[in-house]
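I'd like to ask some things about the structure below.
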Amino acid sequence: MQRIGVFVCWCGSNIAGTVDVKAVAEALKNEPGVVHSANYQYMCSQAGQELIKDAIKEHKLTGIVVCSCSPRMHEGTFRKTAEAAGLNPYMVEIANIREQCSWIHKDIAEGTEKAIVLGRTAIAKVNLNAPLMAGESPVTKRALVIGGGIAGIQTALDIADAGFEVDIVETKPTIGGKMAQLDKTFPTLDCAACILTPKMVDVAQHEKIKIYSYSEVVDVRGFVGNFEVTIKKRARFVKEDICTGCGLCTEKCPQKKVPNEFNLGMDNRRAIYIPFAQAVPKVATIDPNYCTMLKTGKCGVCAKVCTANAIDYTQKDEFIDQKYGAIVAATGFNPISMEKFDEFAYSQSKDVITSLEFERLMNAAGPTAGKLVRPSDGKHPQKIVFVQCVGSRCAACAEKGKEYCSKICCMYTAKHAMLTRDKYPDTDVTVFYIDVRTPGKNFDEFYRRAAEEYGVHYIKGMVGKISPEGDKLMVRASDLLANKQINMEADLVVLAAAIEPDKSARPLATMLTASMDTNDFFTEAHPKLRPVESPTAGVFLSGCCQGPKDIPETVSQAGAAAAKVIGLLAKDKLKGNPCVAHSDEMMCNGCSSCEKVCPYGAITYEDKEFRGPNRTTLIRRIAKVNEAICQGCGCCTVACPSGAMDLKGFASKQIMAEVDAICK
Amino acid sequence: MQKINREVLINKANELLSNGTINRVFGWEKGDFSYDVTPTIYFTADQMNKKFIFDDFCGANFSKYLVAETKKDQNKVGVFLKPCDTYSFNQLLTEHRFDKEKVYAIGVPCDGMVDEKKIKAFFGEGISSITSEGDEIIVDTLYDGVKKVKKADVLQERCQNCKSKKHVYYDELIGEDGEVLDSNRFDEVEKLEKMTADERFAFWQNELSKCIRCNACRDVCPACTCEKCVFNNPNSGVENKSPANEFEEKMFHIIRAFHVAGRCTDCGECSRVCPQGIPLHLLNRKFIKDINSFYGNYQAGEQEGSRAPLTNYTKEDLEPSEAVNKGDN
Amino acid sequence: MQVNEFKPKIVAFCCNWCSYAGADLAGSNRLAYPAEVKVIRVPCSCRVNPMFILRAFQRGADGVIICGCHPGDCHYTSGNYYTRRRMALLFSMLDYLGIEKGRTRVEWVSAAEGAKFAQTMNDFVQTVTALGENKRLEDLRCKK
Amino acid sequence: MEKSKENLIQDVVRRSGVNPRKCMKCGKCSGTCPAYDEMEYHPHQFVYMIETGDIEPLLKSKSIYKCLTCFACVDRCPRGVEPAKLIESIRLSVIREQGNNHLTPQMIPELIDEEMPQQALVTAFRKYTK
């Protein structure tokens, strides 16, 4: 018979507030197998854990039940406590009497009675627990970073510097991401290209890093330490290793009318192109949708012109299979589409642009070589209006816009306003804001400089409507402090659009079985304590794919994700999950139902000799579970009619014991 | 009356026994009553001459016996398989329950088997002998002489709605192969589905409470070939030999139907052998009807190695809430 | 109890990765749902065997609900797809046997849907309370 | 006003079906209001004053008759607060008092001009009389 200890936690007043913890401890004292019952204010604290360790030694306990918060919170803690006291860590069961009892029931009697039932359920389960040993599985010493923006670049560099191989998969022809499109960066106003391109070159020259540009991940199999990923390298029709990036072909290509997505369509590029000068890899790419040679077979100018004859029209998409120990999602963000915001007339007038488009206009490598002009008539704008929170901070029920604050718009708008006033002192700049949020080192000082030294007019009040009249834009907004309605003319309006995760994030999450929140940002394992890990072991989050953030925060989170990956790859062996399936060979029919439902292919079959009737030997086909591959989902246990297949830690008898305890 | 008479089968068996292809053969043996036919293994031709029979009462499906029989002896065992038996044979092969090299299957066309309960329903208990002539059954009763009844009126339910006369597996076929028939075997299920919940509950409570848990249905079912059944296994948690009330029968029958769901070939043996005459096939047919309507038509055992619906999925399967409402259209 | 206001017994099987986390989130947001609902944690909704459901009814439960990740988000990639098939067939059979449809239910709740979890539980308890005590499936043996 | 202040405010909020606390004070409703200049109190002030309970000035102010009920504020409010319904609710509190009809049939002739759309008359009667 088991010797079980029950420990009821008060969790300060979180549990004790609506559950009579003493009565629970008292009631569970005379449950079958219980030899010791105690309660304490903070069971997970140092003192609480000591109390458990002493009780284990003193009463020679063979199993413990902790009635406390959710097992997802402290199951690990109490398992380590048991292990420290010499008890097998899997002889611990947690009854969740906080999130699923005290916090949701006001009436003490009801809460206490439920807590007792939940305690009784855990005791019934621990009575049938058996000590389990975690198996081990090897770790592939290579990491995969999905996304080549600053987040992906920084993570890859940090991991590679620790000596591990890293592959970066980037959908665009070059790494660099959104940061490559920026002009200056806040709060120090140093030029984005100057601080990014050296890192891009480091990545290109780092012997441990391999870049798969113009590629995407199409399939992920396996689990932490043993991922198998299929990468689709889209046909570029240019031989990467031969092309020197001289750009001759990009000048001679006759197809000139291709909207240049790097400049957000504000100018055109050729069918064969290099996104920007400092592109890494500096290799041309042919756009199959526009290249007449690929569409009709009649052209071939780039092939004739190319001195290194690196052009190959017959190139096909390539599928590469590779093994990885860890995967980092760094898919980045995009501004949301402005189509639905017709009150700002984004689609009616070319002079209403988003901040990213403004960034390209200010950028020396941009469509207008850095001259700030109105996209409609190319004239220099005398009056510019910046509109904040466009699409951010909207109600959940509003069908357009996002609920969250996009965090970076106040700072980059202050930057834009300051740069405009600095370069064109005669231009009048007005910013309509709800509140300016500048939480960061030197952030507020930066915003004050924009307002005080550069004379940017900050008006507290949202813009209600923008209507193009003639070549001017009529801006109607409210000035809450002066309690006036402002109707002013503007030559250029810049909308600070909300940002959302990249479209490739949702399919990627499905492949990685990583969970996402309702806005398609990756959900972190714990919002405060584990922000760079996904709940799926072996998957890490870096940059805006986890939530809106600026460059300083992205780089620090990229470093954190890299540290977690290095921590994982440094291990030679990974402690597996001991709660895996196990087949009882005496009862197994060998019918392959379990093998068919196993998502990981962890079940194989062998013919084994058994003692048959009157000294004959019987050969029977029985199932074998590879404990290193099995992840313990339990699907096979239900597919198996005879119950031969069972799951350690969640055995059928244990679950039925829990059902009985609940329904008694 | 079966077109193939017993001499043809005996000669075939004898031929195979003598040329050493097989050293024993499964066949039907005449029991005390003419409707009481039991499966037996024959080793020699004269044993067969004495007891072998093939008439309108040979419903027994030998596929399940092969699981144990092929383990006893290395050489081949001969087996006569009616069309519906061959589906069970294929399903057992799919589940690797025996090695087909150890079996020599002889396909036997079948013209439908008779249900003795129906004959008793006509003539009561006093029956001394039953013989069949053409498409008529001649019943020699103790008190009121010789009676005749049309064979079609006393066919077994599964033969009235015979789903296929086609042998899906045989090493050798006697006579020609038949066709898959489109039978209206689901009418009974539809009739039940159209009832209200209370009527259905009353129907099943009345039927299942007759159950004496003799486990004949499980022991004859070719899909129920577990080494150790959960209901017999003391540490399975659901072990219960004799139920204390009608729920435990329901639990036994629901779980058994669930275990064979997607694997049951609808051979109807469970209803044939049930001493209490419970229409157990209606449970399995409900699962087959649901699988057909939810996931596309699937006939277990039609094709060896096919993937059972419950070990498969598509991303667009319907939700359980929709399934429950769709069930009673 | 003098007040014979009927309190149903509800067993909720919640998958560890999504719906159990959703239940915890409902707890941390203090979203109340009736105390009659008791949660059993399973690694995945595909671990729930029809035997457990019938065992719960046999032991006097009045309603059983299985919560899992949204199809496509399962931590084990295909677990909830099998749950969906198994429960579709099982619920259809229970209805065929004349057991009230409202007593069993499958609900997909993600880790971010605390409100949905609480709402689902409130709604389920209401449905089961309306159906009253589970007479048709209960094992008379364990009636006090 | 014999009705106590609290339940008058509760009436106004209940009738409008709007939760004034959802307002994040961004001013977009007033920023887009075409009748802003004629109104003494503007849409964002209606929401704020109702939320703080200071509604006497609103009841006395003429701005409740200046609102055109064009619902631009309702359509554009990022938080879905629907200020126009609050203004309507305040207006109803006023014109539902005995003899407070803001428009009488006799006043119609000199208000009419050729371009006046038929709809304007119907809306006027709906809004200003009870």
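First the proteins, then the strands, lettered A, B, ... as listed; each starts at 1. Heavy-atom basis, side chains included; hydrogens, waters and symmetry copies ignored.
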Taking only heavy atoms into account, what residues of residues 307-316 of chain B are found under 4.5 Å from chain C?
Arg307(B), Pro309(B), Leu310(B), Thr311(B), Asn312(B), Tyr313(B), Thr314(B), Lys315(B), Glu316(B)
Main chain of Ala118(C), side chain of Asn122(C): is a donor-acceptor contact present, judged purely on distance under 3.5 Å?
yes
Is the count of non-hydrogen atoms from other residues, nucleotides or ligands lying under 6.0 Å from Lys191(B) atom NZ greater than 12?
no
Which residues pass the side-chain hydrogen bond (donor to acceptor under 3.5 Å, both in side chains) test with Glu100(C), sequence neighbours left out?
Arg103(C)
Applying a heavy-atom distance below 4.5 Å, give me the residues of residues 69-91 of chain C that approach chain B, sorted by number.
Pro71(C), Ser78(C), Tyr81(C), Tyr82(C), Arg84(C), Arg85(C), Arg86(C), Met87(C), Ala88(C), Leu89(C), Leu90(C), Phe91(C)
I'd like to know if the side chain of Asp115(B) reaches the main chain of Val154(B), judged simply by a donor and an acceptor atom lying under 3.5 Å from each other, with no hydrogens or angles considered.
no
Determine whether the aromatic ring centres of residues Tyr33(C) and Phe124(C) are separated by less than 6.0 angstrom.
no
Answer key: most heavy-atom pairs under 4.5 Å with chain C among Trp204(B), Tyr295(B), Phe203(B) is Tyr295(B)
Without hydrogens or angle criteria, can the side chains of Lys286(B) and Ser92(C) be said to hold a donor-acceptor pair below 3.5 Å?
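Yes, side-chain donor-acceptor contact under 3.5 Å.
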Could you check whether any side-chain N or O of Thr86(B) sits under 3.5 Å from a backbone N or O of Val168(B), counting only pairs where one atom can act as donor and the other as acceptor?
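Present.
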Could you tell me if the ring centre of Phe294(B) sits under 6.0 Å from that of Phe287(B)?
no
Pairing residues for His259(B) by the side-chain hydrogen bond (donor to acceptor under 3.5 Å, both in side chains) criterion, not counting sequence neighbours
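side-chain hydrogen bond (donor to acceptor under 3.5 Å, both in side chains) check on His259(B) returns nothing, list empty.
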Looking at Gly262(B), Ala202(B), Pro320(B), Ser321(B), which makes the most heavy-atom pairs under 4.5 Å with chain C?
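Looking at each of Gly262(B), Ala202(B), Pro320(B), Ser321(B) in turn, Pro320(B) comes out on top.
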Can you check whether Cys270(B)'s main-chain N or O pairs, donor with acceptor, with Arg272(B)'s side chain at less than 3.5 Å?
no
